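A short write-up of the structure that comes next.
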Amino acid sequence: MTGGASEQEQRQGIADALTGAELTHEELWLRYFGLGGTAGLMELEAYVHDLMPLPAGERDMLAHAVNERLTELAGPGPAPYSRPLREAPPADGPLPALVGLLKGARLAPPEDLPVLAAAAGRTLDTQIVVYLVDYAQRELTPLPHPDLPGEGQRLDVDSSLAGRAFRRTEVVASSADGTPRLWVPLLDGAERLGVLEVALGDVADLYDLMLREQLTWVGAQLGHLLTALSGYGDSLHAPRLSRVRTPAAELIWSLLPPLAAGTAGFSVAGLVEPSSEVGGDAFDYALAATSVSLAILDGMGHGLAAGLMASAALVASRAVRRDGGSVDEQARAIDDALAEQYPDALVTGVLAELDLTTGQLRYVAAGHPHPLLLRRGQVVKALEGGRRTPFGVDGRQFSVGEEHLERGDVLMLYTDGVTEARDADGGLFGEQRLIDFLEREAASGHPPSESVRRLMHAVLSHQDGILRDDATVLLARWDATNGHRLEREAATSPIEAAAVREQGR
C-alpha cells in the first residue's frame, strides 16, 4: 500500500492538483457533493486556502473528486489521501492475467475463449493454446488460436504427454521438439475439461515452480469461464463432439450435472456411453457440506422415448430433492410423474442419500443392479436393501435400505449396460470383471473421474467399441480425510466452525 499524507501535506497536495485539474471551486464542489461530501462551498474554499480544517473523510472525497478530473485530462497528480491506498496492479504477472480473463469474458462470445487464453499467456510471457477433451474422453482437440496457423493436431488422451496431464491432473513438462512447453490441466473444480499447451521462452522456465503454480491458476480460471461461456452458444461444444448427437442424447446431456465434482470430504464422477447416442440412461448428484445425494436411472427401451422417460424421472427426483425431500419421497414423485406423462413407462434406478456427519446411507433400488460398496480397496458387499419394483410400476409399498459407511468407502452405481456388455463370442463383461476392475483401480490411487473413464473404456473395449445398450456409471468416494472436521463443524456455531477450519490448516 502507498502511505497516507498528513493533514497539511494533503491540503497542499489538493491545492496543487486543483491547479492542473482546471476546475473552478464551484465545479469542484459539485463533484465532491456528488460523491457524498457534506461541506458547503464556502467551507471548501476556506479549506483550499488553509483557513479552516476538514475531517479526513471529507478531505479524501475532495481528493477523489480532483483525481477523477485529472484522470479525465490525463494531467498531473494525483492528490494525496489521508489513509494508505492499495497499490495499482502490476502490468504483468498472475494478477493481471486473471483480471484480464475476467474482464475479457464479461461480454465475450464463446469462441473468444482461446483469444482470452492467449492474452493471459502473453501477460505471463508465454503462449497458451486451449485443448478440450471430447465427451467420450478419448481425444484432446485444440481450439482455433489467432497465432496458430492452420489446425492443431488432435492428441490421444491415453498416449500423449497432454493426455498424461489430463489423466493425472498435474503439470507435465516437455522439450522434446526443441520448444520448452508445459501441459497444464484445464479444470472447473474437480471436472477435467482439457489441458493448456503453454509454450515457454526459455528452457529454464520448465523448472520455475512459481510459474507452474500461476499457470494452474490460469487453468482453473479458464475452466470456470469455459463452463460459463458454454451455456451461451455452441462453439465450445462442437470440438468435444465425436459425432452428431441423437435427439435423445442431446436431451440427456442437457440434464446431466458436471461429469465430476468434489468437496473437502467427498468426490463423485459419472459418465454415460455411447456419448453421442445414449438414450435412456442418466445420473445425478448433489453435494453439500454434510450430505450427499446420488441417483442413477435407466429408462427401458431405446431412442427418444427412453430418453423422455429417464428425463422425467430425473427432474421429478431433482425437484423433490431440492425441496428437501428424502429418497422415499423422491421415489414416489418419480412414480407420479411417470404415471401422469408416460403410463406405460418403466424406469429402473437407485436413489441414495448419505449423511456425512453420521455415515448413515439411505437408499432405494427400483429394479436396478445393486450398488457395490468398496472398503479398504476391496468390494465388501452389494447393497441389496431398499428393493422395490421399477419406477412407473405400482411401487407404493417399499422399504428404504440403510447402510453405515466409513470414511474412505467408495460406492459404485451402474446400469446393466455395463455388466451385460458382450464380446464377439457372447461373453458378458459381468459383475466379477467389474469387481476386479474396481479393486485394481482402488489400488492405483486414481481419482474417481479417471477410474470412471478407464472403466467405461474397458467396457467399450470388451464389446469392440460398439455398445448394444446404454452404459452409465457413477462412482462416489467419501474421502478418508476431513471427516472429523465435518463432524465438529456440524456441532458448532459458524464462528467456532471457522476456528476449526483454521486449526485444520
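In this text, all values refer to a predicted model and were calculated from it rather than measured experimentally.
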Separation between [atom1] of [X] and [atom2] of [Y], rounded to the nearest 0.5 Å:
{"X": "His368", "Y": "Ile296", "atom1": "NE2", "atom2": "CD1", "result": "4.5 Å"}
{"X": "Leu186", "Y": "Gln221", "atom1": "CG", "atom2": "CD", "result": "11.0 Å"}
{"X": "Arg321", "Y": "Asp323", "atom1": "CZ", "atom2": "CG", "result": "11.5 Å"}
{"X": "Leu475", "Y": "Tyr414", "atom1": "CG", "atom2": "OH", "result": "13.0 Å"}
{"X": "Glu111", "Y": "Tyr232", "atom1": "CD", "atom2": "OH", "result": "13.5 Å"}
{"X": "His224", "Y": "Leu187", "atom1": "NE2", "atom2": "CG", "result": "9.0 Å"}

Is the closest side-chain heavy-atom distance between [X] and [Y] below 4.5 Å?
{"X": "Leu434", "Y": "Leu455", "value": "yes"}
{"X": "Asp205", "Y": "Pro180", "value": "no"}
{"X": "Val171", "Y": "Leu215", "value": "no"}
{"X": "Asp470", "Y": "Val272", "value": "no"}
{"X": "Leu113", "Y": "Leu143", "value": "yes"}
{"X": "Pro114", "Y": "Val129", "value": "no"}

Does [X] pair with [Y] as a salt bridge, N-O distance under 4.0 Å?
{"X": "Arg453", "Y": "Glu450", "result": "yes"}
{"X": "Asp436", "Y": "Arg440", "result": "no"}
{"X": "Arg154", "Y": "Asp134", "result": "no"}

Measure the acute angle between the ring planes of Tyr135 and His237, then classify it against the limits of 30° and 60° as parallel, tilted or perpendicular.
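If you compare the ring of Tyr135 with that of His237, the planes turn out parallel.
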Do you know the tightest heavy-atom contact between [X] and [Y]?
{"X": "Ser276", "Y": "Ala249", "result": "O-CB, 3.4 Å"}
{"X": "Glu406", "Y": "Asp409", "result": "N-OD2, 2.7 Å"}
{"X": "Arg167", "Y": "Ser159", "result": "NH1-N, 4.2 Å"}
{"X": "Ser451", "Y": "His446", "result": "OG-CB, 3.6 Å"}
{"X": "Ser311", "Y": "Ile252", "result": "OG-CD1, 3.8 Å"}
{"X": "Leu155", "Y": "Trp183", "result": "CD1-CH2, 3.7 Å"}

Please step through side chain to side chain contact (heavy atoms under 4.5 Å, CB included) for the pair Leu259 and Phe283, ending with a clear verdict.
CA-CA 10 Å; Leu259 298 182; Phe283 67 84; 3.9 Å; yes
Do any N or O atoms from the side chain of [X] and from the backbone of [Y] form a donor-acceptor pair under 3.5 angstrom?
{"X": "Ser461", "Y": "His457", "value": "no"}
{"X": "Arg454", "Y": "Glu441", "value": "no"}
{"X": "Ser230", "Y": "Leu226", "value": "yes"}
{"X": "Asp425", "Y": "Gly427", "value": "no"}
{"X": "Arg362", "Y": "Leu351", "value": "no"}
{"X": "Arg181", "Y": "Glu197", "value": "no"}
{"X": "Arg168", "Y": "Arg164", "value": "no"}

Do Thr227 and Asp188 pass the side-chain hydrogen bond (donor to acceptor under 3.5 Å, both in side chains) test, and can you show the C-alpha distance, the side-chain angles, and the key distance before you say yes or no?
CA-CA 7 Å; Thr227 298; Asp188 182 19; 2.7 Å; yes
For Thr415 and Asp281, does a side-chain donor sit closer than 3.5 Å to a side-chain acceptor?
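Short answer, yes.
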What do you reckon, is CG of Asp234 surrounded by more than 12 foreign heavy atoms closer than 6.0 Å?
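Incorrect, the count does not exceed 12.
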